[in-house]
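Both backbone and side-chain heavy atoms feed into the values below; hydrogens, waters and symmetry mates do not. Below, chain A is the first sequence line, B the second, and so on; all start at residue 1.
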Amino acid sequence: MKTGGGPIANGAAGAAILAASLGCFALGVLAVAGDGSKALAKLLTFYRPTGPLSGVSTVAIVVWLAAWIAGNRAWRGKTVALGKVSVVAFVFLGLALLLTFPPVGDLLLGK
Amino acid sequence: MQITWRDLVTIVHGMLFGGLFLMAGFGVLVLLHRWQSSGGGPEVTEAGRRREHIFLVVMVVLGWGAVLSGAYFVYPWYRAIPPAGVTNLGAYPQRLLLSDPRTAGWHTLGMEWKEHVAWMAPILMTMVAWVLMKYEDAGEEHRRLRSTAVVFALVALLAAGVAAGFGALIDKQAPVTGGPEINLMRGKR
(Lines give C-alpha, C1' and ligand atoms only; values in the text may rest on other atoms or scores of the structure.)
Protein backbone atom coordinates (compact mmCIF):
# COMPACT_ATOMS: atom_id res chain seq x y z
CA MET A 1 0.00 0.00 0.00
CA LYS A 2 1.33 3.41 -0.91
CA THR A 3 0.17 6.98 -0.42
CA GLY A 4 -0.72 9.17 -3.38
CA GLY A 5 0.59 8.01 -6.77
CA GLY A 6 -2.08 8.38 -9.52
CA PRO A 7 -4.36 11.34 -10.03
CA ILE A 8 -7.11 9.73 -7.93
CA ALA A 9 -6.09 7.23 -5.24
CA ASN A 10 -8.16 4.03 -5.31
CA GLY A 11 -8.16 3.38 -1.53
CA ALA A 12 -11.64 4.81 -0.95
CA ALA A 13 -13.04 2.67 -3.79
CA GLY A 14 -11.31 -0.42 -2.38
CA ALA A 15 -12.87 0.25 1.02
CA ALA A 16 -16.34 0.69 -0.52
CA ILE A 17 -16.04 -2.54 -2.54
CA LEU A 18 -14.77 -4.61 0.36
CA ALA A 19 -17.37 -3.19 2.76
CA ALA A 20 -20.27 -3.94 0.37
CA SER A 21 -19.14 -7.54 -0.03
CA LEU A 22 -18.70 -7.88 3.76
CA GLY A 23 -22.23 -6.56 4.33
CA CYS A 24 -23.61 -9.13 1.88
CA PHE A 25 -21.58 -11.90 3.50
CA ALA A 26 -22.92 -10.90 6.94
CA LEU A 27 -26.43 -11.08 5.48
CA GLY A 28 -25.82 -14.63 4.26
CA VAL A 29 -24.24 -15.83 7.51
CA LEU A 30 -27.02 -14.33 9.64
CA ALA A 31 -29.74 -15.72 7.35
CA VAL A 32 -28.41 -19.26 7.80
CA ALA A 33 -27.62 -18.83 11.51
CA GLY A 34 -31.06 -17.37 12.21
CA ASP A 35 -32.66 -20.27 10.40
CA GLY A 36 -30.65 -22.78 12.41
CA SER A 37 -31.06 -21.35 15.90
CA LYS A 38 -34.38 -20.42 17.47
CA ALA A 39 -32.59 -18.39 20.14
CA LEU A 40 -30.72 -16.34 17.55
CA ALA A 41 -33.88 -15.94 15.46
CA LYS A 42 -35.60 -14.51 18.55
CA LEU A 43 -32.64 -12.21 19.17
CA LEU A 44 -32.78 -11.00 15.57
CA THR A 45 -36.47 -10.21 15.75
CA PHE A 46 -36.15 -6.43 16.04
CA TYR A 47 -39.66 -5.89 14.69
CA ARG A 48 -42.11 -8.68 15.48
CA PRO A 49 -44.36 -8.48 12.36
CA THR A 50 -41.29 -8.86 10.11
CA GLY A 51 -39.64 -11.49 12.29
CA PRO A 52 -35.91 -12.37 12.20
CA LEU A 53 -35.53 -10.74 8.75
CA SER A 54 -35.69 -7.35 10.49
CA GLY A 55 -32.58 -8.14 12.55
CA VAL A 56 -30.73 -10.03 9.80
CA SER A 57 -31.04 -7.09 7.39
CA THR A 58 -30.39 -4.39 10.00
CA VAL A 59 -27.23 -6.06 11.35
CA ALA A 60 -25.97 -6.66 7.79
CA ILE A 61 -26.48 -2.96 6.99
CA VAL A 62 -24.66 -1.97 10.20
CA VAL A 63 -21.75 -4.29 9.32
CA TRP A 64 -21.62 -2.83 5.78
CA LEU A 65 -21.67 0.80 6.93
CA ALA A 66 -19.23 0.23 9.81
CA ALA A 67 -16.79 -1.55 7.47
CA TRP A 68 -17.16 1.22 4.90
CA ILE A 69 -16.48 3.97 7.45
CA ALA A 70 -13.52 2.12 8.97
CA GLY A 71 -12.08 1.18 5.58
CA ASN A 72 -12.52 4.69 4.25
CA ARG A 73 -10.68 6.10 7.25
CA ALA A 74 -7.82 3.65 6.78
CA TRP A 75 -7.47 3.76 2.96
CA ARG A 76 -8.74 7.20 1.88
CA GLY A 77 -6.09 9.00 -0.15
CA LYS A 78 -3.99 5.84 -0.46
CA THR A 79 -3.41 3.47 -3.33
CA VAL A 80 -4.21 -0.15 -2.53
CA ALA A 81 -3.72 -3.38 -4.47
CA LEU A 82 -7.20 -3.29 -5.95
CA GLY A 83 -6.71 -6.66 -7.65
CA LYS A 84 -6.27 -8.39 -4.32
CA VAL A 85 -9.08 -6.38 -2.71
CA SER A 86 -11.39 -7.34 -5.59
CA VAL A 87 -10.54 -11.04 -5.29
CA VAL A 88 -11.32 -11.01 -1.55
CA ALA A 89 -14.52 -9.07 -2.25
CA PHE A 90 -15.59 -11.55 -4.94
CA VAL A 91 -15.03 -14.43 -2.52
CA PHE A 92 -17.26 -12.77 0.11
CA LEU A 93 -19.83 -11.97 -2.56
CA GLY A 94 -19.84 -15.53 -3.90
CA LEU A 95 -20.24 -16.93 -0.38
CA ALA A 96 -23.06 -14.46 0.26
CA LEU A 97 -24.89 -15.62 -2.87
CA LEU A 98 -24.47 -19.25 -1.84
CA LEU A 99 -25.55 -18.69 1.77
CA THR A 100 -28.71 -16.82 0.78
CA PHE A 101 -29.78 -19.72 -1.47
CA PRO A 102 -32.01 -21.86 0.84
CA PRO A 103 -30.84 -25.34 -0.32
CA VAL A 104 -27.26 -24.42 0.63
CA GLY A 105 -28.33 -23.15 4.05
CA ASP A 106 -30.39 -26.32 4.59
CA LEU A 107 -27.39 -28.43 3.60
CA LEU A 108 -25.15 -26.63 6.10
CA LEU A 109 -27.76 -27.00 8.83
CA GLY A 110 -28.32 -30.67 8.03
CA LYS A 111 -32.02 -30.18 7.29
CA MET B 1 -63.16 -0.59 -10.32
CA GLN B 2 -61.61 -1.19 -6.91
CA ILE B 3 -58.31 -2.08 -5.37
CA THR B 4 -57.52 -3.03 -1.78
CA TRP B 5 -55.01 -1.16 0.36
CA ARG B 6 -52.69 -4.20 0.45
CA ASP B 7 -52.89 -4.60 -3.33
CA LEU B 8 -51.91 -0.95 -3.71
CA VAL B 9 -48.94 -1.20 -1.33
CA THR B 10 -47.81 -4.41 -3.05
CA ILE B 11 -47.93 -2.65 -6.42
CA VAL B 12 -45.90 0.29 -5.06
CA HIS B 13 -43.36 -2.16 -3.58
CA GLY B 14 -43.01 -4.42 -6.61
CA MET B 15 -43.76 -2.33 -9.65
CA LEU B 16 -42.91 1.23 -8.65
CA PHE B 17 -39.84 0.62 -6.47
CA GLY B 18 -38.73 -2.83 -7.63
CA GLY B 19 -39.59 -2.53 -11.33
CA LEU B 20 -38.09 0.92 -11.75
CA PHE B 21 -34.99 -0.13 -9.77
CA LEU B 22 -34.45 -3.04 -12.17
CA MET B 23 -34.81 -0.74 -15.18
CA ALA B 24 -32.47 1.81 -13.63
CA GLY B 25 -30.00 -1.00 -12.95
CA PHE B 26 -29.71 -1.63 -16.67
CA GLY B 27 -29.12 2.10 -17.12
CA VAL B 28 -26.20 1.82 -14.69
CA LEU B 29 -24.74 -0.96 -16.81
CA VAL B 30 -24.86 1.42 -19.79
CA LEU B 31 -23.08 4.12 -17.75
CA LEU B 32 -20.47 1.59 -16.64
CA HIS B 33 -19.97 0.44 -20.23
CA ARG B 34 -19.40 4.04 -21.34
CA TRP B 35 -17.06 4.61 -18.41
CA GLN B 36 -15.13 1.47 -19.34
CA SER B 37 -14.89 2.14 -23.06
CA SER B 38 -14.01 5.83 -22.69
CA GLY B 39 -11.13 5.05 -20.32
CA GLY B 40 -12.24 7.93 -18.10
CA GLY B 41 -12.11 11.62 -18.77
CA PRO B 42 -14.76 14.30 -19.12
CA GLU B 43 -17.00 13.29 -22.04
CA VAL B 44 -20.21 14.63 -20.54
CA THR B 45 -21.25 18.25 -20.02
CA GLU B 46 -21.69 19.58 -16.48
CA ALA B 47 -25.49 19.53 -16.89
CA GLY B 48 -25.35 15.96 -18.18
CA ARG B 49 -23.19 14.92 -15.28
CA ARG B 50 -25.63 16.50 -12.83
CA ARG B 51 -28.50 14.56 -14.42
CA GLU B 52 -26.50 11.34 -14.19
CA HIS B 53 -25.91 11.95 -10.49
CA ILE B 54 -29.63 12.54 -9.95
CA PHE B 55 -30.36 9.32 -11.86
CA LEU B 56 -27.92 7.36 -9.67
CA VAL B 57 -29.33 8.78 -6.44
CA VAL B 58 -32.92 8.05 -7.56
CA MET B 59 -31.90 4.49 -8.47
CA VAL B 60 -30.42 3.96 -4.99
CA VAL B 61 -33.55 5.40 -3.33
CA LEU B 62 -35.74 3.07 -5.44
CA GLY B 63 -33.65 0.08 -4.37
CA TRP B 64 -33.92 0.90 -0.69
CA GLY B 65 -37.61 1.75 -1.11
CA ALA B 66 -38.20 -1.72 -2.58
CA VAL B 67 -36.55 -3.69 0.24
CA LEU B 68 -37.86 -1.51 3.07
CA SER B 69 -41.48 -1.44 1.82
CA GLY B 70 -41.24 -5.18 1.21
CA ALA B 71 -39.83 -6.05 4.63
CA TYR B 72 -41.91 -3.68 6.74
CA PHE B 73 -45.26 -3.50 4.89
CA VAL B 74 -45.83 -6.43 2.53
CA TYR B 75 -43.90 -9.20 4.32
CA PRO B 76 -45.79 -8.86 7.66
CA TRP B 77 -49.07 -9.31 5.75
CA TYR B 78 -47.58 -12.28 3.89
CA ARG B 79 -46.38 -14.09 7.02
CA ALA B 80 -49.33 -13.26 9.30
CA ILE B 81 -50.48 -16.20 11.41
CA PRO B 82 -54.21 -16.98 11.25
CA PRO B 83 -56.15 -17.13 14.52
CA ALA B 84 -57.17 -20.57 15.72
CA GLY B 85 -60.16 -21.99 13.87
CA VAL B 86 -59.65 -20.05 10.65
CA THR B 87 -60.01 -22.38 7.68
CA ASN B 88 -60.01 -19.86 4.82
CA LEU B 89 -56.31 -19.02 4.41
CA GLY B 90 -56.87 -16.47 1.62
CA ALA B 91 -55.66 -13.63 3.85
CA TYR B 92 -52.62 -15.61 5.05
CA PRO B 93 -50.47 -16.22 1.94
CA GLN B 94 -47.56 -17.99 3.65
CA ARG B 95 -49.89 -20.42 5.44
CA LEU B 96 -51.87 -20.93 2.25
CA LEU B 97 -48.74 -21.91 0.32
CA LEU B 98 -47.48 -24.22 3.08
CA SER B 99 -50.87 -25.94 3.41
CA ASP B 100 -50.36 -27.76 0.10
CA PRO B 101 -47.22 -29.73 -0.80
CA ARG B 102 -47.67 -28.65 -4.43
CA THR B 103 -47.29 -24.96 -3.48
CA ALA B 104 -45.05 -25.16 -0.38
CA GLY B 105 -41.91 -24.70 -2.49
CA TRP B 106 -43.01 -21.19 -3.41
CA HIS B 107 -42.37 -20.32 0.22
CA THR B 108 -39.57 -22.69 1.25
CA LEU B 109 -37.46 -21.89 -1.80
CA GLY B 110 -38.95 -18.79 -3.42
CA MET B 111 -39.78 -16.50 -0.51
CA GLU B 112 -36.89 -17.69 1.71
CA TRP B 113 -34.45 -16.91 -1.10
CA LYS B 114 -36.09 -13.66 -2.14
CA GLU B 115 -36.42 -12.17 1.35
CA HIS B 116 -32.65 -12.36 1.91
CA VAL B 117 -31.00 -12.02 -1.50
CA ALA B 118 -33.05 -8.88 -2.25
CA TRP B 119 -31.06 -6.87 0.34
CA MET B 120 -27.86 -7.43 -1.60
CA ALA B 121 -29.16 -5.36 -4.52
CA PRO B 122 -29.38 -1.92 -2.82
CA ILE B 123 -26.18 -2.51 -0.82
CA LEU B 124 -24.22 -3.30 -3.99
CA MET B 125 -25.87 -0.65 -6.15
CA THR B 126 -25.27 2.04 -3.51
CA MET B 127 -21.58 1.18 -3.66
CA VAL B 128 -21.55 1.11 -7.48
CA ALA B 129 -23.34 4.48 -7.69
CA TRP B 130 -20.89 6.00 -5.19
CA VAL B 131 -17.88 4.67 -7.11
CA LEU B 132 -19.36 5.94 -10.41
CA MET B 133 -19.84 9.42 -8.98
CA LYS B 134 -16.50 9.64 -7.17
CA TYR B 135 -14.33 8.08 -9.87
CA GLU B 136 -16.05 9.30 -13.06
CA ASP B 137 -12.95 11.30 -13.99
CA ALA B 138 -10.58 8.44 -13.23
CA GLY B 139 -8.31 7.59 -16.07
CA GLU B 140 -6.96 4.40 -17.60
CA GLU B 141 -5.13 3.48 -14.37
CA HIS B 142 -8.48 2.54 -12.83
CA ARG B 143 -9.42 -0.15 -15.39
CA ARG B 144 -9.63 -2.84 -12.69
CA LEU B 145 -11.95 -0.66 -10.62
CA ARG B 146 -14.30 -0.40 -13.59
CA SER B 147 -14.32 -4.15 -14.14
CA THR B 148 -15.01 -4.80 -10.45
CA ALA B 149 -17.86 -2.29 -10.48
CA VAL B 150 -19.41 -4.05 -13.51
CA VAL B 151 -19.31 -7.44 -11.71
CA PHE B 152 -20.94 -5.96 -8.61
CA ALA B 153 -23.64 -4.25 -10.68
CA LEU B 154 -24.37 -7.56 -12.46
CA VAL B 155 -24.67 -9.39 -9.13
CA ALA B 156 -26.98 -6.63 -7.86
CA LEU B 157 -29.16 -7.06 -10.95
CA LEU B 158 -29.18 -10.84 -10.47
CA ALA B 159 -30.28 -10.41 -6.84
CA ALA B 160 -32.97 -7.90 -7.81
CA GLY B 161 -34.12 -10.16 -10.64
CA VAL B 162 -34.49 -13.18 -8.33
CA ALA B 163 -36.42 -11.06 -5.82
CA ALA B 164 -38.68 -9.49 -8.45
CA GLY B 165 -39.29 -12.74 -10.32
CA PHE B 166 -40.19 -14.77 -7.25
CA GLY B 167 -42.19 -11.86 -5.84
CA ALA B 168 -44.39 -11.75 -8.93
CA LEU B 169 -44.79 -15.54 -9.12
CA ILE B 170 -45.55 -15.95 -5.40
CA ASP B 171 -48.11 -13.15 -5.55
CA LYS B 172 -49.86 -15.02 -8.37
CA GLN B 173 -50.01 -18.20 -6.27
CA ALA B 174 -51.08 -16.54 -3.02
CA PRO B 175 -51.73 -12.83 -3.41
CA VAL B 176 -51.19 -10.38 -0.58
CA THR B 177 -54.56 -8.69 -0.59
CA GLY B 178 -57.20 -7.26 1.75
CA GLY B 179 -57.69 -4.21 3.91
CA PRO B 180 -59.81 -1.19 3.06
CA GLU B 181 -61.08 -0.98 -0.52
CA ILE B 182 -60.17 2.00 -2.66
CA ASN B 183 -62.57 2.96 -5.44
CA LEU B 184 -60.59 3.92 -8.53
CA MET B 185 -63.49 4.36 -10.94
CA ARG B 186 -67.22 3.80 -10.96
CA GLY B 187 -68.11 1.72 -14.02
CA LYS B 188 -71.26 2.15 -16.13
CA ARG B 189 -73.93 -0.55 -15.90
Side-chain angles (χ1 to χ4, degrees), chain A residues 5-10 12-28 30-32 34-35 47-54 56-58 60-61 63-65 68 72 79-87 89-90 93-94 96-97 99-106 111, chain B residues 40-41 64 67-68 70-81 94 105 107-132 134-149 151-152 154-156 158-159 162-163:
Chain A
I8 306 174
N10 66 9
I17 288 165
L18 197 57
S21 67
L22 265 174
C24 292
F25 178 64
L27 183 83
L30 289 167
V32 174
D35 194 28
Y47 178 62
R48 193 185 289 268
T50 299
L53 178 63
S54 55
V56 169
S57 54
T58 304
I61 289 169
V63 168
W64 163 49
L65 293 176
W68 194 354
N72 195 54
T79 297
V80 298
L82 198 65
K84 286 179 188 167
V85 172
S86 296
V87 168
F90 289 152
L93 198 58
L97 278 173
L99 289 170
T100 50
F101 187 53
V104 173
D106 290 348
K111 282 187 174 178
Chain B
W64 286 108
V67 290
L68 290 170
Y72 292 99
F73 287 96
V74 181
Y75 190 55
W77 293 328
Y78 169 83
R79 71 190 291 271
I81 295 167
Q94 184 196 56
H107 174 75
T108 56
L109 176 70
M111 180 53 82
E112 299 232 338
W113 191 13
K114 164 192 163 62
E115 72 186 41
H116 292 117
V117 81
W119 288 89
M120 289 174 64
I123 290 175
L124 297 176
M125 276 305 199
T126 301
M127 181 277 286
V128 170
W130 183 84
V131 166
L132 261 171
K134 187 166 172 65
Y135 288 86
E136 60 194 342
D137 291 330
E140 196 57 30
E141 74 278 10
H142 288 297
R143 177 163 288 279
R144 193 181 290 278
L145 174 57
R146 296 192 188 95
S147 307
T148 303
V151 173
F152 273 69
L154 285 171
V155 173
L158 172 73
V162 167

N/O donor-acceptor pair under 3.5 Å between B:Y135 side chain and A:A9 backbone: yes
Test item: [X] and [Y] side chains (from C-beta on) under 4.5 Å apart, heavy atoms:
X     : Y      : value
A:L30 : B:H116 : no
B:V67 : A:S57  : no
A:I17 : B:L145 : yes
A:T50 : B:R79  : no

Most contacts with chain A, counted as non-hydrogen pairs under 4.5 angstrom, among B:I123, B:L124, B:V162: B:I123
Hey, could you give me the [atom1]/[atom2] distance between [X] and [Y], rounded to the nearest 0.5 Å?
X      : Y      : atom1 : atom2 : value
B:H142 : A:T79  : NE2   : OG1   : 7.0 Å
A:N72  : B:W130 : CG    : CH2   : 5.5 Å
A:T100 : B:E115 : OG1   : CD    : 11.0 Å
B:T108 : A:D106 : OG1   : CG    : 8.0 Å

Chain B interface, residue from A:L99, A:L97, A:V56 that has the most non-hydrogen pairs under 4.5 Å: A:L97
Region of A:A12 that comes under 4.5 Å of a non-hydrogen atom in chain B: both
Among A:S86, A:C24, A:S21, side-chain contact (heavy atoms from CB on, under 4.5 Å) partner for B:F152: A:S21
Contacting region of B:V151 [heavy-atom separation from chain A under 4.5 Å]: side chain
Under the side-chain hydrogen bond (donor to acceptor under 3.5 Å, both in side chains) test, residues paired with B:T126 that sit two or more places apart: B:W64
Side chain to side chain contact (heavy atoms under 4.5 Å, CB included) involving A:V104 - partner list, sequence neighbours excluded: A:L98, A:F101, A:L108
Working for side chain to side chain contact (heavy atoms under 4.5 Å, CB included), residues A:V85 and B:T148: CA-CA 10 Å; A:V85 172; B:T148 303; over 6 Å; no
